[in-house]
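Remarks on the structure that follows.
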Amino acid sequence: MSEPSARLKKDLTRHVKERVIEAILFLAAFVSVFTTTAIVYILVSESWVFFQHVPLGDFLFDTQWTPLFDDAHYGIMVLLSGTITSSLVALLVAIPLGTIIAIYLSEFAPFAVREIAKPFLELLGGIPTIIYGYFALLFLTPLLQKVYPDLPGFNLLSAGIVMGIMIIPYVASLSEDAMRAVPMALREGSYATGATRLQTALWVVVPSAISGIASAYILGVSRAVGETMILAVAGGMQPNLTFNPAEPGATITSFIVQVALGDLPHGSIGYQTIFAAGLTLMLLTLVFNLIGYYMRKKYREAY
Amino acid sequence: MNQQELQALRAMIVAHKRWDTLFGVIGILALMLGLMTFAALFADMAINGLGRISVDFLTSFPSRRAANAGILSAWVGSVLVMLVTAFAAVPLGVAAGVYLEEYAPKNWITDIIEINVSNLAGVPSIIYGLLALGLFVYTFGLGQSILTAGLTLALLILPVVIVATREAIRSIPQIIREGAYACGATTWQVVSDHIVPYSSAGILTGVIIGMARAIGETAPIITVGALTFIAFLPTMPFTGELPAGPFDWLFAPFTVMPIQMFNWTSRPEAAFLSNAAAAGFILVLMTLAMNGLAIWLRYRLRKNIKW
Amino acid sequence: MNAMTDRYETLLPLKAEARNLSFYYGNFQALKNINMPIYEKKVTSLIGPSGCGKSTYLRCFNRMHDLYPGNRYEGAIDFHPDHTDLLSKKVDPIEVRMRISMVFQKPNPFPKSIYENVAYGLRVRGENARSVIDDKVEAALRGAALWGEVKDRLKELGANLSGGQQQRLCIARALATDPELMLFDEPTSALDPIATASIEELITELKERVTILIVTHNMQQAARISDYTAYMYIGEMVEFGVTDQIFIKPKRKETEDYITGRFG
């Protein structure tokens, strides 16, 4: 037995050591809060300078986006139209196909098919987006041009379709998770009335999992809106106020890449435009992420 | 039920089941579309790029002449950036995950951290690029360097590592903790002797998936200002005319694989497109190998759980 | 009629008859060579300690086991009056489930309105005429003694009802399609005593219209509501008979031990 005072001292150092470790771990966890704060700070402070030069009204309502020209215009609508058009095309591909795959895997596929398909989808989701961009520009666009010869070499359509294919794994995998979380008792209740698989899937499983499925869709939207390289490679980077996917167009993201590729001096107005564009993008995805977050929360409560 | 009613019932069931069969076919077709896209993507790059892949391609710098160009600076850059990313993201992510699972009290600070982690997972990667441009490049003065790029990607994959760590820790049953505490262990002893070792395979899976994502990321690296044409390597530590310090390479300009591919893709000459295909093929193989390894690890893990 | 049913000295019409019924979960034999009659418009209850196979047996009648891979039936369930073998591979499980409805252990209303919950079975059969569905929904809710409580809130979610009401909603759902046989799998095990009493009363009323097979974990319940009782133990049918006889003077020693609480 050691002296009581020595033991006390040992306990004290042990206690201090525990507290120090806890503090270090807390700081590591707090990095996420720091990151968010830093993102908001950087975007807002640079945009603040930007909006000193460009009135907010011009930013929101001007129909031209020519920040690098002598006659500079800063109408974000132009970039938004590209973002919205390409995202819509992507969602038209990803939501139906992703949902069908999810229903098929969750309710129809034999065990072996599901065991192979799920990791395969995951692999598909892990392919770098630059690869998908290459694929859109050099495989899909020439293919589409065979059907539709007037399609320009850079266009939002082929970028959007490939973006949709890229998003399918996310939509399918998250929707399938939501459907698998529907209790078996509900399916049995449906089958016991003589329902077929499809009736059970569409009338009971999908409605039960609807908030989880919706949050998968929201995640898909947020991916599409934030996707950069496919559009930078295959969409063309000309600002173009259009909702016609068969035209080339710039998006918020591809504009940022375009500026970053050039050599803009730090502190110039051109440099600040990318932060104003980034802030717009951030606000857009924040809205979608919040909706998705609450939907996920709601569907966790459901069971 | 009489025979007539039974006949009608059976006819109706046959009609209903036709829709089931139809949907089954549609489902398989939708899956096949994914498979076919993947096959087309892979085949297209293989056809256009395989001819370019050689030892010279791996050991040459980019060049104005497509036939002489290679990916030496790109793959070296990717490896070095990944090194920084791993060194930053793994300890930070694991520590954060451990804190949230084993230490965090139920209060509003913890809630804020959790909301932040899940929100950051949904932030577009290009926003991380803008963050790094404003913060690392200009505020911290780290320049357009390997260090900046590595740290940017580390922040980007941090949520992936945190979530994987938390899931792995959560699968450890409470009795393990209680057993260790019952022996008189402190929280840190429980964490360092039991929790982290037992969840290491799950954490590793998450780290690999995160790194696979980081290696293919292009947009944030372009935003921080990676150069697209680099015909030299960072000076090795302790070499060069004025011997370089052990960490000088961190501040060197660089390029990475996906940026090299982007650069070649945006050239009009067909010869450069072959180079792009070749670089893309190697990049796809790298990410497939990493993701495949992670999936296999997770599969093994699930089979071997013996709690 | 085979020898098994002759023993009960009855000329009551049969609704179904299990013949040499065995059931396997993979390699595990859960039911062993069961022979049992089910009389028309009577309540037959299945009792026995948990794990004895009574729910497994019940779920053979609407081929619920077909939903999961690796399950296998042997023998037959002869369904009257048309003598369809319910277990035959040639008979579609959907056909079986359209004729035989089921009420589960825990109330499992769909996340739909009260009205749509009851209408579900009709919609599954392709019925779309609003007036037909309205009438059948009302009749089923009346049959399940729920109409008075819900007639003004048919559009509300089924999940908003109390536990006992939810279970009666599930009974209405099972009743709406005019089944020939209704299966109840411990329908009151998740309910309080008052709700249990109302369900028991309902079952007694329902036997005027439909044949009922019920699994219960509660011997008093079996004694109160059923006309016939079967005692099962580890996948075997130990004894079948008129309820009074099973409870007052069982023929087999094992049955008596279970009934008197010496075992189980």
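Values below: all heavy atoms of this structure, side chains included; hydrogens, waters and symmetry mates excluded. Each chain gets a letter, A, B and so on, in the order its sequence line appears, and its residues count up from 1.
At a threshold of 4.5 Å between non-hydrogen side-chain atoms, the residues A/L156 and A/L231 count as touching. Side-chain contact between C/I203 and C/F184 is present, with at least one heavy-atom pair separated by less than 4.5 Å. Residues C/L141 and C/L169 are in side-chain contact: their nearest non-hydrogen atoms beyond the backbone lie under 4.5 Å apart.
No hydrogens or angles considered: nothing links the side chains of A/S32 and A/T35 as a donor-acceptor pair under 3.5 Å.
One finds the CD1 atom of C/I77 at 7.5 Å from the CD1 atom of C/I100 (value rounded to the nearest 0.5 Å). Remark: A/L97 CG to A/I165 CD1 distance equals 8.0 Å, nearest 0.5 Å. To the nearest 0.5 angstrom, A/L121 atom CG is 6.5 Å from A/L105 atom CG.
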Candidate polar pairs, chain A side and chain C side, donor-acceptor under 3.5 Å:
| residue | atom | partner | partner atom | Å |
| --- | --- | --- | --- | --- |
| A/A185 | O | C/N108 | ND2 | 2.8 |
| A/E188 | OE1 | C/R59 | NH1 | 3.1 |
| A/E188 | OE1 | C/R59 | NH2 | 3.4 |
| A/E188 | OE2 | C/R59 | NH2 | 2.6 |
| A/E188 | OE2 | C/Y68 | OH | 2.6 |
| A/S190 | OG | C/Y120 | OH | 2.6 |
| A/T193 | O | C/R125 | NH1 | 3.0 |
| A/Q199 | NE2 | C/V124 | O | 3.0 |
| A/W203 | O | C/K112 | NZ | 2.7 |

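With a threshold of 4.5 angstrom between heavy atoms, C/F104 approaches chain A through side-chain atoms but not through N, CA, C or O. The part of C/P109 that comes within reach of chain A is its backbone (N, CA, C, O), which places non-hydrogen atoms under 4.5 angstrom from that chain. Using a 4.5 Å cut-off between heavy atoms, C/L183 makes no contact with chain A at all.
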